[in-house]
Amino acid sequence: MKCTKCGSKAAVQMRQHKLALCAQDFLAWLPEQVERFIRKYRMFTRSDRILAAVSGGKDSLSLWDILWRLGYQVDGLYIGLGIDGGIAYSQKSQQLCEKFAAERGLRLLVVDVAETYGQPIPAMAERTLRGRDKPCAVCGLTKRHIMNRVARDEGYDVLVTGHNLDDEAATLLGNTLTWSVGHLVRQGPLLEGDGAGLVRKAKPLCRIYEREMAAYALLRGIEYIYEECPYAEGAKSLYYKELLNRLEADRPGAKLSFYLSFLEAKENGLFALQPQEVRERMHACPTCGQPTTAPGECAFCRMIQKVALENRT
Ligand code: SF4
Ligand SMILES: [Zn+2]
Ligand SMILES: [Zn+2]
């Protein structure tokens with residue numbers, strides 16, 4: 001297989017784009033694509049201050065690398081979840097993020113959940129869920145809360161995450177199977193902030209396949225954590241990814257078209273309920289001030305209180 005651009009040996013083949021590229025051309029092509037999507041969806045500009053949520057995985061670190069190479073002002077945010085799982089998962093991923101930032105002279109903000117809220121994620125989950133389930137619900141809630149708080153308090157214009165096309169397509173499939181309209185109306189490359197509590201959120205990699213991101217990290221020599229979070233095993237999202245991969249194997253481009261047709265349908269008003277209307281149903285949590293749809297306090301503050309209560313008993 002030869003590189004479509006220069007004719008030398010291809011390193012990455014992308015059937016869905018009918019494109020094969022050598023390492024050098026691929027490393028130039030991918031950031032160009034990301035730049036195109038940043039503009040297309042009006043995510044941010046070079047005068048914006050960007051906060052990238054990094055987990056130590058290939059997608060978030062590659063995203064940080066790409067935005068930095070493209071000349072954006074981007075700092076990183078690492079959230080220490082306190083997950084060990086026998087592989088020192090959190091410790092290792094934090095080290096990799098710190099190393100990445102130090103090598104490039106970039107600023108990394110670190111929030112440690114246990115230091116801030118008294119307990120690491122697994123202990124919090126144990127107390128709220130009584131070991132009935134994985135800690136993912138508690139973890140997701142906590143991460144969203146912290147990301148929004150830090151971005152807002154530190155005055156960032158936009159928060160970016162490393163969700164790739166496979167992540168977005170899997171989420172979309174999950175939300176479609178249950179017709180979770182509230183989630184569907186908010187899913188997309190960009191979620192506007194509300195000028196008050198909720199920061200603008202963007203996903204610059206939402207149209208990039210996971211295997212392209214893996215190739216990018218590898219070819220750029222980015223050191224990332226190979227292991228998944230020990231709690232990820234058996235997650236529904238992984239099952240949906242697998243289903244979509246089967247579809248993609250038979251029909252190259254199926255994943256991308258599933259996601260893009262959704263965005264198009266939404267733009268054409270298929271979803272009558274606009275995010276603004278969902279937002280109008282929100283109010284500020286009396287405890288932390290972040291927007292919530294829950295009556296009274298937000299789900300996060302209720303969880304923290306429950307944890308504190310359990311601690312006392
Ligand atoms: S798999 Fe679950 S516990 Fe692990 S990082 Fe993801 S949401 Fe958190
Ligand atoms: Zn080439
Ligand atoms: Zn709250």
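Counting starts at 1 for both ligands and their atoms, in listed order. Just so you know, these numbers use all the heavy atoms, side chains as well, and skip hydrogens, waters and symmetry mates.
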Open item on the list: Are Phe44 and Tyr156 an aromatic pair, judged by ring center distance below 6.0 Å?
Closed with: no

TODO: Everything protein-side that's N, O or S and under 2.8 Å from the Zn ion (ligand 2): list it, residue and atom.
DONE: Cys3 SG, Cys6 SG, Cys22 SG, Asp25 OD2

- [ ] Write out all pairs satisfying salt bridge (Lys or Arg N to Asp or Glu O under 4.0 Å) with one or both partners inside residues 51-62, taking only residues at least two apart or from two chains.
- [x] Lys58-Glu210

Open item on the list: Show the atoms of ligand 1 that are less than 4.0 angstrom away from any heavy atom in Lys143.
Closed with: 5 (S), 6 (Fe), 7 (S), 8 (Fe)

Open item on the list: For the residue pair Tyr224 / Ser60, report whether a side-chain donor-acceptor contact shorter than 3.5 Å exists.
Closed with: no

Open item on the list: If we count only N and O atoms by modelled type, under 3.5 Å, do the side chains of Gln290 and Asn148 hold a donor and an acceptor together?
Closed with: yes

Open item on the list: With rounding to the nearest 0.5 angstrom, report the NZ to CG distance, Lys203 to Leu191.
Closed with: 8.0 Å

Open item on the list: Check whether Gln73 reaches the backbone of Arg46 with its side chain - one donor and one acceptor, N or O, closer than 3.5 Å.
Closed with: yes

TODO: Sum up the protein N, O or S atoms located under 2.8 Å from atom 4 (Fe) of ligand 1.
DONE: 1

TODO: Would you kindly say whether Gln33 and Arg36 are connected by a side-chain donor-acceptor distance under 3.5 Å?
DONE: yes

Task: Any residue meeting salt bridge (charged side-chain N to carboxylate O under 4.0 Å, His left out) with Glu297, in chain and number order, not counting sequence neighbours - done: none

- [ ] Check whether any side-chain heavy atom of Glu233 sits under 4.5 Å from a side-chain heavy atom of Glu228, and report yes or no.
- [x] no

- [ ] Taking only Lys NZ, Arg NE, NH1 and NH2, and the carboxylate oxygens of Asp or Glu, determine whether Asp48 and Arg200 approach each other closer than 4.0 Å.
- [x] no

